[in-house]
Amino acid sequence: MGLNARLQAHELYRFYHAGEDETLALRGVSLSLLPGETVAIVGPSGSGKSTLINCLAGLDEPDGGWVEVMGQRMTRRPEAMRSRLRAQHIGILLQSGNLFEHLTIDDNLALAQFLAGTQRTPRANAALAAVGVASRARAMPAQLSGGELARAGLALATVNQPAILVADEPTGEVDSASEAVVLELFRERARNGGANLVVTHSDAVAAMADRVLRLVDGRLQDG
Ligand code: ADP
Ligand code: MG
């Protein structure tokens, strides 16, 4: 694993308990993400992709193993430290629920900038323009189409120009025009040294990735 890894996971384990049942969602997953690299994670439904993304982003704590962000340990640190690492370094795009429903698109971005302590303008406008939704800045999330919502979520995830972007099926339910916009944003970030980790079912996304990792039953397959 490279010393300059943006994001590093070492032997992640995650178990879920429901009564007598135990689900082993992650069984020893290690990976590292380098600057300028786009890594795709593929695998069947239920293989642990979302669990992995949540652990890597510090939204969930693994039961075993650890995650380092920009060389700093995030796992089993106080929530205040984890949220600071997240706000400063990680853009997160989940399958849904990325935007606060009671705030306009613009105010959602303003809040993200406030939390990260970054400058208000002109980055928000640029982030919205980069994904083609600048004209929807004053709209509420519920007023956007599925493709627009996905692109606005991506603008939110990237407005602070995070070193790391983790995305869970960002092109899952979007039209091909939106998918092209998302792909171009990944490329642009990678050209500027950003690191992208993306869960996807899309052949186009997998094809543009530098590496494709396959998750099956909570384990990464070789090769
Ligand atoms: P994927 O994103 O690849 O579809 P997930 O990470 O969502 O897979 O889920 C991996 C496994 O963990 C599945 O068997 C799922 O049912 C289980 N799981 C995920 N989240 C929870 C939870 N909060 N409680 C119990 N089981 C869960
Ligand atoms: Mg999932």
Expected output: side-chain [X] to main-chain [Y] donor-acceptor under 3.5 Å:
X      : Y      : result
Glu61  : Arg76  : yes
Arg136 : Ile105 : no
Ser202 : Ala204 : yes
Ser32  : Gln8   : no
Thr75  : Val67  : yes
Asn160 : Ala112 : yes
Arg189 : Gln161 : no
Asn108 : Leu99  : no
Arg82  : Gly58  : yes

To the nearest 0.5 Å, what is the distance between [atom1] ([X]) and [atom2] ([Y])?
X      : Y      : atom1 : atom2 : result
Leu156 : Leu128 : CG    : CG    : 9.0 Å
Leu56  : Ile90  : CG    : CD1   : 8.5 Å
Leu183 : Ser176 : CG    : OG    : 11.0 Å
Gln72  : Arg77  : CD    : CZ    : 9.5 Å
Gln88  : Ile164 : CD    : CD1   : 11.5 Å
Glu22  : His17  : CD    : NE2   : 4.5 Å

Using the rule that Ile, Leu, Val, Met, Phe, Trp and Tyr join whenever any side-chain heavy atoms are under 4.5 Å apart, tell me whether [X] and [Y] fall into a single cluster.
X      : Y      : value
Leu103 : Phe114 : yes
Tyr13  : Leu220 : no
Met70  : Leu7   : yes
Met208 : Val131 : yes
Leu12  : Leu24  : no

Original post:
Less than 4.0 Å between a side-chain N and a carboxylate O, is that true for Arg151 and Glu148?
Top reply: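 Looking at Arg151 together with Glu148, the answer is no, because their closest N to O distance does not fall below 4.0 Å.
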
Original post:
Is it true that Lys49 and Asp168 have a side-chain N and a carboxylate O under 4.0 angstrom from each other?
Top reply: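 Answer for the salt bridge query: no.
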
Considering all heavy atoms of both residues, which atom of [X] and which atom of [Y] are nearest to each other, and what is their separation?
X      : Y      : result
Thr200 : Ala40  : CG2-CB, 4.2 Å
Leu149 : Pro141 : CD1-O, 3.5 Å
Ala57  : Ile92  : CB-CD1, 3.6 Å
Ala150 : Pro170 : CB-O, 4.2 Å
Ala124 : Gln113 : CB-OE1, 3.7 Å
Val159 : Arg123 : O-CD, 3.4 Å

Subject >> pair Leu34-Val39: side-chain heavy atoms closer than 4.5 Å >> reply: no

Original post:
Are Asp63 and Leu26 close enough that some pair of their side-chain heavy atoms sits under 4.5 Å apart?
Top reply: no

Original post:
Taking everything shown except Asn192 itself, do over 12 heavy atoms lie less than 6.0 Å from its CG?
Top reply: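 Atom CG in Asn192 is packed in, count exceeds 12.
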
**OP:** Would you please test Val205 and Thr38 for side-chain contact (heavy atoms from CB on, under 4.5 Å) and show each step?
**Re:** CA-CA 10 Å; Val205 177; Thr38 297; 5.9 Å; no

Subject >> Residue pair Phe100, Asp107: steps toward the side-chain contact (heavy atoms from CB on, under 4.5 Å) verdict >> reply: CA-CA 9 Å; Phe100 287 112; Asp107 285 343; over 6 Å; no

Original post:
Which is it for Arg86 and Leu59 under the side-chain contact (heavy atoms from CB on, under 4.5 Å) test, yes or no, and what are the steps along the way?
Top reply: CA-CA 9 Å; Arg86 264 201 309 274; Leu59 299 172; 3.8 Å; yes

Subject >> Residue pair Ile41, Leu197: steps toward the side-chain contact (heavy atoms from CB on, under 4.5 Å) verdict >> reply: CA-CA 7 Å; Ile41 297 180; Leu197 187 78; 4.0 Å; yes

